[in-house]
Student: 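A single structure is presented below for examination.
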Amino acid sequence: MSDEKTNIPKLFLSPYSPEDHENRIYELWEKSGYFNPDNLPGERTEQFSIVMPPPNANGSLHAGHALFVTVQDIMMRFERMRGKKAVWFPGADHAGFETQVVYEKKLEKEGRSRFQMSREELYKEILDFTLANKSFMEGQIRSLGASCDWSRELFTLDDKVVKIVYDTFKQLETDGLLYRGARSSNWCPKHQTSFSNLEVEHEERTEPFYYFKYGPFVIGTARPETKFGDKYVVMHPDDARYAEYEHGQKIELEWINGPITATVIKDEAGDPEMGTGVMTITPWHSGIDFEIAKRHNLDYEQIIDWRGKLLPIAEEFAGMDIRDARKKIVEKLEAKGLLDHIDEKYNHSVPCCYKCGREIEPQIKEQWFVNMKPLAEKALSALDAKKFEFVTERDERVFRHWLTNIDDWPIARQIAWGISIPAKVCDDCGHGMVDIENNVSSCAKCGGNVHQDPDTFDTWFSSGQWPLCVTDFGGESDDFKNYYPTSVMETGKDIIFFWVARMIMLGLYRTQKVPFKKIYLHGMVRDKHGKKMSKSKGNVIAPSEIQEKYGTDALRMALMVNNVPGTDMNLDPDKVNAYKKFANKLWNITRFVLDSTTDHDYLNNPEPGAVDTILRNELEVTTQEIDALMDKDRFDLAAEKIYHFVWDKFASDIIEDSKIYIKSDGGGNARQARQKLLIECLTTSLKLLHPFMPFVTETIWQELPETMKDSELLMVAKWPQDK
RNA sequence: GCGCGAUUAGCUCAGUGGUAGAGCGCUUCAUUGACAUUGAAGAGGCCGGAAGUUCAAUCCUUCCAUCGCGCACCA
């Protein structure tokens, strides 16, 4: 036998070392052209398409990226081997606000600030930064083994994207679904931009709740610093305690900075159960107050400026940061004898910026809004009609709930980095006009001068049209016709509203078709104790480091096994190590099989013995079970099953049982039959494993003799079930 | 406030209407044997609590407890 070892490729004589093979194998795949469905071999009638969630081009890949690349690549490789015309559209996201924040932090470190730069300078610098990150990230996606079609790659600022986004913007206006209006918006005093409700996080807090004497009433508030302009006192029309007061009644009273005239407003929004049942309102700085003011056509005035400082209406407090002002205002009211009492244990939730945690200051702002109700209703009908489905069914209810209670969408952000809004705004009356051609020179309403809208689109507004963009909707290629709607949308469940819901609504709106048939949502990747990864905790696991240490295949397996669709998963380096060992196991199995078949006797078409037949049946049963699990998107269970088959059945039983046959010098049918079985087990295992562990399986495949293979590349070999 | 999920081995988690599974960890033994990135054997669980349905419940139903998450304009 030692002589025959010379026939085994030398690389099998030492343990599998991923770093020696991964790059060259990826190049081999890429050079083959098979990432592009147009080049795939054989007759392929059925299409399979996935749109890759374009990673934010502002840093390196994190574990979540590694997970989605793995899941989607498994789907792609499985379907490609199954004979489908499979395409995976890669991309990169400029990620508007997110990237601008990353860049601002970089500026801060350099002692600079975006508020000292011109808009153009800032944009240019962020563009350079983003493009550099983009190519770096693409390298990382490659290193994870992603079999996506790079020839179809798209960036969210490409002309093609901007055109589609502008067309949608225009069409929304034409259809009356777009409007510009003064509404209460979620304003972050630090980031100087407004947000949609989704970008606001609510933080539970226990804070003092103050009761003040307001003329004959006692009013309650958690935010005394907003109260300077309060001149309306609101109560429920049916509240018997205040029946003596009439709607519209004027009352003279002493307030923070002197006597004022207050007006009684009876409105259903006054909750008799809450506090004293009486409140004063600050329409400029509260959404609910703004609604009341609108209903009764009341005045409203700004109290707090855009940076969170009190305006001159606050008189002696003017210019003070509201975070410092509250206590002082309460002191003054107390000194004036207007403080009734304080409830120190008031529990409420405070809206905060999802990025910096600073309290959101509601501000009235002229904004572009999309009227979402009509779009949401269509999405819900499509779901009712089963035009698309969720793999993780429990997310369907969450999805329905959000769409049923959807708010209008403010799509403008006050930042430089993004697709600029093609619109003019009147200097005089604030009227906004969509102006794609850039030829509006005066206000259509009042004839006044106009200026370019300085805002950019919410990045999700363009991302929401991503499936249209990558499939070249309205373009010259056949991709839209061939691949839209796409087969699966696979992404994180944390962006079900931000992205998935918007893609469905905007895709339906533009094309009358939901952009994907099936939605597979994965959970978050956490550290080994189930804790959220964060820089401050120092528990961040960088995929690239794991890849270096254990190999990409091991990382992919660790991310898949036990990862139930839709639930969070923990990533433990020890678990990755287990699959590194597994890759090596496969390596040594191959060494044994090649060592046992160097004489090529198996080519004589031997008659299988009774045991051979039993073992082959087990292989076939396993193959069918795995195929069924893959078909049901249970890649976690499929991965576990093939792992156990290879280790516990193939290596532990079949190989052990085969040694006696292989060693028998007599040769003969029994030995040849067993050789054939070993080869079958090996090639089938490689195929079944390939979607999960593409590198090691392809590396091995490349070393197998031609007589064992049905294809040059394992990547396009026939899936075993397809025999 | 509304909704969702979880509770199974020391740790992190799968799974099933009929003597409980994985990875890691632990114990003991083995080593010129495809593989020490190994092999064999083993310890370790009244499958959160209570009630119900059933011949049978870790699994289905209800309630409770604890933890986690999502949504939400309550002054």
Side-chain angles (χ1 to χ4, degrees), chain A residues 1 5 8 12-17 184 186 197-198 200-202 209-211 219-223 226-227 230 233-235 269-271 273-282 286-292 346-349 351 360 362 392 394-395 397-398 400-402 404-405 407 493-494 496-497 523-524 526-532 550-551 554 557-558 561-564 566-596 634 636-637 639-641 643-644 647-648 651-652 655-656 658-659 662-663 678:
Chain A
M1 200 123 122
K5 270 195 177 170
I8 302 172
F12 287 108
L13 299 179
S14 50
Y16 175 62
S17 69
S184 182
N186 305 303
N197 289 343
L198 284 177
V200 176
E201 282 179 356
H202 295 264
F209 190 75
Y210 306 92
Y211 289 90
I219 58 133
T221 182
R223 301 199 60 198
T226 65
K227 295 285 144 192
D230 287 15
V233 57
V234 179
M235 63 213 67
D271 179 0
E273 305 291 319
M274 177 74 198
T276 57
V278 182
M279 63 176 168
T280 62
I281 58 170
T282 315
S286 156
I288 189 166
D289 292 0
F290 179 70
E291 292 303 316
I292 295 169
Y346 175 64
N347 294 316
H348 67 152
S349 57
I360 288 291
T392 48
R394 60 171 166 265
D395 291 318
R397 277 184 71 175
V398 177
R400 279 184 188 280
H401 181 261
W402 189 74
T404 308
N405 301 290
D407 301 314
K493 66 173 182 179
D494 55 329
I496 181 172
F497 307 134
M524 302 299 99
R526 299 168 172 278
D527 78 358
K528 69 172 177 177
H529 294 296
K531 296 272 181 283
K532 202 171 170 177
Y550 305 101
M557 276 299 267
V561 175
N562 254 355
N563 184 0
V564 179
T567 62
D568 292 350
M569 63 109 35
N570 301 349
L571 184 56
D572 180 353
D574 283 339
K575 185 178 171 191
V576 184
N577 191 41
Y579 296 106
K580 178 182 163 77
K581 291 181 185 174
F582 179 57
N584 195 54
K585 189 75 182 175
L586 199 62
W587 195 248
N588 284 300
I589 287 171
T590 306
R591 178 173 161 184
F592 177 82
V593 173
L594 289 179
D595 205 8
S596 307
R634 290 306 301 267
D636 54 328
L637 300 177
E640 196 177 2
K641 194 169 269 295
Y643 170 82
H644 282 113
W647 201 303
D648 299 334
S652 299
I655 284 185
E656 289 307 319
S658 299
K659 285 176 181 170
I662 299 302
K663 278 180 184 163
L678 287 173

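Chain letters run A, B, ... following the sequence lines, proteins first, then strands; residues in each count from 1.
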Student: Pick base, sugar-phosphate or nothing for Gly277(A), based on heavy-atom distances below 4.0 Å to the nucleic acid.
Tutor: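 Base: the residue Gly277(A), judged by heavy atoms under 4.0 Å, touches a nucleobase.
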Student: Please work out if His202(A) contacts a base, only the sugar-phosphate, or nothing of the nucleic acid, heavy-atom cut-off 4.0 Å.
Tutor: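 Contact class for His202(A): base.
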Student: Where the side chain of His529(A) is concerned, which of rC11(B), rA75(B), rA14(B) is the nearest nucleotide?
Tutor: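 The listed nucleotide nearest to His529(A)'s side chain is rC11(B).
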Student: Write down the distance between CG (Asn577(A)) and P (rC24(B)), rounded to a whole number of angstrom.
Tutor: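 The distance from CG of Asn577(A) to P of rC24(B) comes to 8 Å, rounded to the nearest Å.
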Student: Out of rG15(B), rC13(B), rC71(B), which nucleotide sits closest to the side chain of His401(A)?
Tutor: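 When the side chain of His401(A) is considered, rC71(B) is the closest of rG15(B), rC13(B), rC71(B).
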Student: Please lay out, stage by stage, how Arg397(A) and Asp395(A) fare under the test salt bridge (Lys or Arg N to Asp or Glu O under 4.0 Å).
Tutor: CA-CA 5 Å; Arg397(A) 277 184 71 175; Asp395(A) 291 318; over 6 Å; no
Student: Tell me, which stems hold RNA chain B, with a stem being 3 or more Watson-Crick or G-U pairs in a row and both distances under 3.5 Å?
Tutor: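 Listed by first number, the stems are B:1-7 with B:65-71, B:10-13 with B:21-24, B:26-30 with B:38-42, B:48-52 with B:60-64.
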Student: Between rU38(B), rG3(B), rC74(B), which one does the side chain of Arg397(A) approach most closely?
Tutor: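 Selected nucleotide (nearest to the side chain): rG3(B).
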Student: Base, sugar-phosphate, or nothing: which does Asp572(A) touch, judged by heavy atoms less than 4.0 Å apart?
Tutor: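 Counting heavy atoms under 4.0 Å across all strands, no contact is made by Asp572(A).
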Student: Which part of the nucleic acid, if any, lies within reach of Ala269(A) when heavy atoms closer than 4.0 Å are counted: base, sugar-phosphate only, or nothing?
Tutor: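 Here Ala269(A) touches the bases of the nucleic acid.
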Student: With rounding to whole Å, what would you report as the distance between rA65(B) and rU54(B) at their C1' atoms?
Tutor: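 The answer is 26 Å between these two C1' atoms.
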Student: Which residue lies toward the 5' end of RNA chain B, Val576(A) or Lys528(A), if each is placed at its nearest nucleotide?
Tutor: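 Its nucleotide being nearer the 5' end, the pick is Lys528(A).
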Student: Looking at rA72(B), rG39(B), rG23(B), which one has an atom nearest to any side-chain atom of Lys585(A)?
Tutor: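 The answer is rG39(B), which lies nearest to the side chain.
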Student: Output the single nucleotide from rC35(B), rA14(B), rC73(B) whose closest atom is nearest the side chain of Arg634(A).
Tutor: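 Within the option list, the nearest is rA14(B).
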Student: Considering only atom P, compute the distance from rU58(B) to rA50(B) and round it to an integer number of Å.
Tutor: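 Nearest-Å result for rU58(B) against rA50(B) at atom P: 11 Å.
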Student: With hydrogens left out and only the distance checked, is there a donor-acceptor pair under 3.5 Å joining Lys575(A)'s side chain and the base of rC24(B)?
Tutor: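 No pair found.
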Student: Across the strands shown, which category fits Lys659(A) at heavy-atom distances under 4.0 angstrom: base, sugar-phosphate, nothing?
Tutor: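 Base: the residue Lys659(A), judged by heavy atoms under 4.0 Å, touches a nucleobase.
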Student: If you check every side-chain atom of Asn562(A), which of rA40(B), rA34(B), rA22(B) has the closest atom?
Tutor: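 The answer is rA22(B).
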Student: May I ask you to say what Phe497(A) touches in the nucleic acid, namely base, sugar-phosphate or nothing, with a heavy-atom cut-off under 4.0 Å?
Tutor: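 Contact class for Phe497(A): sugar-phosphate only.
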Student: Can you tell me, in whole Å, how much space there is between the C1' of rU61(B) and that of rU53(B)?
Tutor: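 Their C1' atoms lie roughly 7 Å apart.
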Student: With a non-hydrogen cut-off below 4.0 angstrom, is Tyr346(A) in contact with a base, only sugar-phosphate, or nothing?
Tutor: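 Since only primed, P, OP1 and OP2 atoms lie under 4.0 Å of Tyr346(A), the category is sugar-phosphate.
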Student: From the options rA75(B), rA14(B), rC35(B), select the nucleotide whose nearest atom is closest to the side chain of Lys227(A).
Tutor: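 It is rA75(B).
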Student: Measuring from the side chain of Arg394(A) (C-beta onward, heavy atoms only), which nucleotide among rC4(B), rA14(B), rG23(B) has the closest atom?
Tutor: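 Selected nucleotide: rC4(B).
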Student: Roughly how far apart, to the nearest Å, are rA57(B) and rG49(B) at atom C1'?
Tutor: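 So the two C1' atoms sit 15 Å from each other.
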Student: In whole angstrom, give me the gap between the C1' atoms of rC47(B) and rG21(B).
Tutor: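 Taking atom C1' in both rC47(B) and rG21(B), they lie 11 Å apart.
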Student: The side chain of Asp574(A) lies closest to which of these nucleotides: rC35(B), rC24(B), rA75(B)?
Tutor: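 Minimum distance to the Asp574(A) side chain belongs to rC24(B).
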Student: Classify the nucleic acid contact of Arg400(A) as base, sugar-phosphate or nothing, counting any heavy atom under 4.0 Å across all strands shown.
Tutor: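 No contact at all - Arg400(A) keeps every heavy atom at 4.0 Å or more from the nucleic acid.
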Student: When all nucleic acid strands are considered with a 4.0 Å heavy-atom cut-off, which category describes Gly566(A): base, sugar-phosphate, or nothing?
Tutor: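 Nothing, no nucleic acid heavy atom in range.
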Student: Once you apply a heavy-atom cut-off of 4.0 Å, does Val564(A) come out as touching a base, just sugar-phosphate, or nothing?
Tutor: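 Answer is sugar-phosphate: Val564(A) comes under 4.0 Å of backbone atoms only.
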Student: Within the structure, does a side-chain N or O atom of Trp647(A) lie under 4.0 Å from either OP1 or OP2 of rU37(B)?
Tutor: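 Answer is no, no contact under 4.0 Å.
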Student: With rounding to the closest Å, how many angstrom separate the C1' atoms on rU19(B) and rC26(B)?
Tutor: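 My reading of the C1' atoms in rU19(B) and rC26(B) gives 25 Å.
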Student: Can you tell me how the ring of Phe582(A) sits relative to the ring of Tyr579(A), calling it parallel under 30°, perpendicular over 60° and tilted otherwise?
Tutor: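 It falls in the perpendicular class, over 60°.
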Student: Look at Asn584(A) and rC35(B) and indicate whether a side-chain polar atom (N or O) is within less than 4.0 Å of OP1 or OP2.
Tutor: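 Negative; the distance criterion is not met.
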Student: Mind telling me whether Phe209(A) and Tyr211(A) have parallel, tilted or perpendicular rings, with 30° and 60° as the class edges?
Tutor: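 Ring orientation, 0 to 90° scale: perpendicular.
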Student: Closest-nucleotide mapping onto RNA chain B: is Val234(A) or Phe12(A) further toward the 5' terminus? I mean the 5' end.
Tutor: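 Going by which nucleotide is closer to the 5' end, it is Phe12(A).
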Student: More than 12 heavy atoms of other residues, nucleotides or ligands under 6.0 Å from NE2 of His644(A): is that the case?
Tutor: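 It does: His644(A) NE2 has more than 12 such atoms within range.
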Student: Could you work out which one of rC35(B), rA75(B), rC71(B) sits closest to the side chain of Glu656(A)?
Tutor: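 From the listed options, rC35(B) comes nearest.
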Student: Counting the atoms with a prime plus P, OP1 and OP2 as sugar-phosphate, which does Ala583(A) contact under 4.0 Å by heavy atoms, base, sugar-phosphate, or nothing?
Tutor: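 If one applies the 4.0 Å heavy-atom cut-off, Ala583(A) turns out to touch nothing in the nucleic acid.
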Student: Describe the nucleic acid contact of Glu273(A) in one word from base, sugar-phosphate, nothing, applying a heavy-atom distance below 4.0 Å.
Tutor: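 Nothing, no nucleic acid heavy atom in range.
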Student: Starting at CD1 of Ile496(A), measure out to OG1 of Thr392(A) and round the result to the nearest 0.5 Å.
Tutor: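 Between atom CD1 of Ile496(A) and atom OG1 of Thr392(A) there are 7.0 Å.
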Student: rC64(B) and rG10(B): how far apart are their P atoms, nearest whole angstrom?
Tutor: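 Each nucleotide's P atom is 29 Å from the other's.
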Student: Using the P atom in both, what is the distance from rU38(B) to rC46(B), to the nearest Å?
Tutor: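 Those two atoms are separated by 31 Å.
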